[in-house]
Undergrad: 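Handing you a structure now.
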Amino acid sequence: MFSRRNFLHTTIASSGTLLLRRSLRRQPTVARMPVVVSTWDFGQKANVKAWEILSKQGRALDAVEEGVKVIEADASNMTVGVGGLPDRDGKVTLDACIMDEYGNAGSVCFLEHISHPISVARMVMERTPHVMLAGEGALDFALSQGFKKENILTKEAKQAWEKWKKSAEYKPIINVENHDTIAMLALDHQGRLAGACTTSGLAYKLHGRVGDSPIIGAGLYVDPDIGGAAATGLGEAVMRTVGSFLVVELMRQGRTPQEACMEAVERIAKREKQPRDMQIGYLALDRNGEVGAYSLQKGFTYALQDEKHSTTVAAHYYLK
Ligand code: SD4
């Protein structure tokens, strides 16, 4: 029979377990304002640029845009902007989105010939009444705003595609060797939050395929009152679970950024049939500057910059 004594006992025991889980789940990366975090090791290079802005009391939105542009412009990086690997028809199609401290959002997807899709996404946010523009419409808009049409398929990316074509194995899988979308979250000295995410998506994808990265709530989400989250990895799995929105909503319900990332990854691990064939990484930053990161498999890293740290951190992961 249910008694008050049993009830107290159960409550104390389960809150003890909860506390233990919480302490195990916390990563020691509490940062002060301002702070910037971004996905993967190469995020460090992007953080340096973002920090130039944040350390001069600049706005988080400018920091994330300028930060990810460093990686978009880097032709040696084959998964973002210039130098990105093409789809299976040999076309480089880019996805990007951005959110500001008011929760405004802008996005472009399936965009060709433009080296800085993140800046086009920002203009969609600031200069149109819309959130998302796609394909030719996004290109027309970019050109109307003064962007130049460029060839962003580098010699190296073309050669890699030609080599792939010989076997033309259609296997757009992201695993531990094949990744690199840049997503960045920043909190500035005034506590303004912003996020940006930009990618060329899966290499050799079907022409027209759009991933999670430009989808508000999937690849990126910022709620100014709670925090922000971003995803990298196999976009289809992130989209099916509206991953970044989920992470932010879990934080709203009281989870730490770390707990929220873990729960979102666990959800994917449980519902995907072959989780070992993919990689997913979440990064979260709450409005107090606390950071969380977690991935499905070993190998996900993120870069963090604040007044005291400039570092890359290997995230904990689910599949051992
Ligand atoms: C996509 N999420 O297009 C992107 C790819 C990625 O690390 O994040 N790669 O599915």
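For ligands, and for the atoms within them, numbers begin at 1 and follow the listed sequence. Small disclaimer: the values here were computed from a predicted structure and weren't measured.
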Undergrad: A side-chain contact here means heavy atoms from C-beta on lying under 4.5 Å apart; do Glu66 and Lys49 qualify?
TA: yes

Undergrad: Is there a donor in the side chain of Ser38 and an acceptor in the side chain of Asn47, or the other way round, less than 3.5 Å apart?
TA: yes

Undergrad: Between ligand 1 and Gly235, is the shortest N or O to N or O distance under 3.5 Å?
TA: yes

Undergrad: Looking at ligand 1, does Asp212 have a heavy atom less than 4.0 Å from it?
TA: yes

Undergrad: I need the atoms of ligand 1 closer than 4.0 Å to a non-hydrogen atom of Thr181, numbered in the order shown.
TA: 4 (C), 5 (C), 6 (C), 7 (O), 8 (O), 9 (N)

Undergrad: Under a 4.5 Å cut-off applied to non-hydrogen side-chain atoms, are Ile152 and Ile114 in contact?
TA: no

Undergrad: Kindly say whether the aromatic ring centers of Tyr282 and Tyr294 come within a distance under 6.0 Å.
TA: no

Undergrad: By number and element, which atoms of ligand 1 are closer than 4.0 Å to a non-hydrogen atom of Ser213?
TA: 2 (N), 4 (C)

Undergrad: Between Met123 and Phe147, is any pair of side-chain heavy atoms under 4.5 Å apart?
TA: yes

Undergrad: Tell me yes or no: between the side chains of Glu72 and His116, is some donor less than 3.5 Å from an acceptor?
TA: yes

Undergrad: If you measure every N or O of Gly233 against every N or O of ligand 1, does any of those distances drop under 3.5 Å?
TA: yes

Undergrad: List ligand 1 atoms under 4.0 Å from Thr232, heavy atoms only on the residue side.
TA: 6 (C), 7 (O), 8 (O), 9 (N)

Undergrad: Measure up the Tyr204 and Trp164 rings against each other and bin them: parallel (under 30°), tilted (30 to 60°), perpendicular (over 60°).
TA: parallel

Undergrad: Quick one: does Gln279 get within less than 4.0 Å of ligand 1, heavy atoms only?
TA: no

Undergrad: Hey, looking at atom 10 (O) of ligand 1, which of Glu236, Met239, Arg209 has the closest heavy atom?
TA: Arg209

Undergrad: List every atom of ligand 1 that sits less than 4.0 Å from any heavy atom of Gly201, numbering the atoms from 1 in the order shown and giving each element.
TA: 3 (O)

